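This is a predicted model, so every value here is computed, not measured.
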Amino acid sequence: MKEISTDKTTLCPSARPESENSVVFGVISGTVAEPRVAYLKQPQPITDELIAKTSPITPAEIFRTAAPCAATGCQHFDGKNCSLATRIVADFPTVTEELPPCSIRRDCRWWQQEGKVACMRCPQVITDNYNPSELAAKVALPNKH
């Protein structure tokens, strides 16, 4: 019988597409002024073919991707928590009244750390946003330690 691993990987829902073991869990929709994530039913692996299809723009302008949390290797990790998730919850307005149908929620660092309030703000988070609002630009900046 095949052994089933009980180890869980905590996923960063704002990982770069080029991160190791990254998956697409959403596609950016909405407008330039109000982009929103449309969530996929199942996460899809990032492949070279998928990345090539996004050219000439970056994959992170089109997709929301998740990858194993880099923890102390990330500028947003304070040793215990994701400070980006903390800032998103503190500063972003909610954009949905119901939990989005997110396929990575069970393993998501933001969900584990902040719960439902992070999910209610998540659809407005765009990894590569070249026209961010002043608020989005401020929230994206890592805390100075």
TODO: Look at the side chain of S133 and the backbone N and O of A136, then say whether any donor-acceptor pair between them is shorter than 3.5 Å.
DONE: yes

Open item on the list: So P68 and L11, do their side chains get closer than 4.5 Å, heavy atoms only?
Closed with: yes

Open item on the list: Pairing donors with acceptors under 3.5 angstrom, does anything connect the side chains of E61 and T54?
Closed with: no

TODO: Following the transitive rule for hydrophobic clusters with a side-chain heavy-atom cut-off under 4.5 Å over Ile, Leu, Val, Met, Phe, Trp and Tyr, establish whether I62 and V32 coincide in one cluster.
DONE: no

Task: Single-linkage hydrophobic cluster, 4.5 Å side-chain cutoff, I57 and F63 together - done: yes

Task: T72 side chain to G79 backbone, donor-acceptor under 3.5 Å - done: no

Task: Main-chain N/O of T31 paired with E34 side-chain donor or acceptor, under 3.5 Å - done: no

Task: V27 vs L40 side-chain heavy atoms within contact, under 4.5 Å - done: yes

Open item on the list: Return the CG to CD distance between N81 and Q112, rounded to the nearest 0.5 Å.
Closed with: 11.0 Å

Open item on the list: So, taking the atom named OH in Y39 and the one named SG in C122, what distance separates them when rounded to the nearest 0.5 Å?
Closed with: 3.5 Å

Open item on the list: One thing to verify: whether K53 and E49 come together as a salt bridge, which I'm taking to mean a side-chain N less than 4.0 angstrom from a carboxylate O.
Closed with: yes

Task: Distance (rounded to the nearest 0.5 Å) between K80 NZ and Q113 CD - done: 9.0 Å

Open item on the list: Using a 4.5 Å cut-off between side-chain heavy atoms of Ile, Leu, Val, Met, Phe, Trp and Tyr, which other residues end up in the same hydrophobic cluster as V139?
Closed with: L84, I88, F92, W110, V125, L135

Open item on the list: So, taking the atom named SG in C12 and the one named NE2 in H76, what distance separates them when rounded to the nearest 0.5 Å?
Closed with: 8.0 Å

Task: Gap between atom CZ of F25 and atom CD of Q42 - 0.5 Å precision - done: 13.5 Å

- [ ] Given side chain to side chain contact (heavy atoms under 4.5 Å, CB included), test F77 with R109 step by step and report yes or no.
- [x] CA-CA 11 Å; F77 195 73; R109 172 159 303 279; 3.8 Å; yes

Check: residues 93-102 side-chain donor-acceptor pairs under 3.5 Å, at least two apart:
from	atom 1	to	atom 2	distance (Å)
T96	OG1	E98	N	3.3
T96	OG1	E98	O	2.9

Open item on the list: Using 0.5 Å steps for rounding, measure from the CZ atom of R16 to the CG atom of D128.
Closed with: 4.0 Å

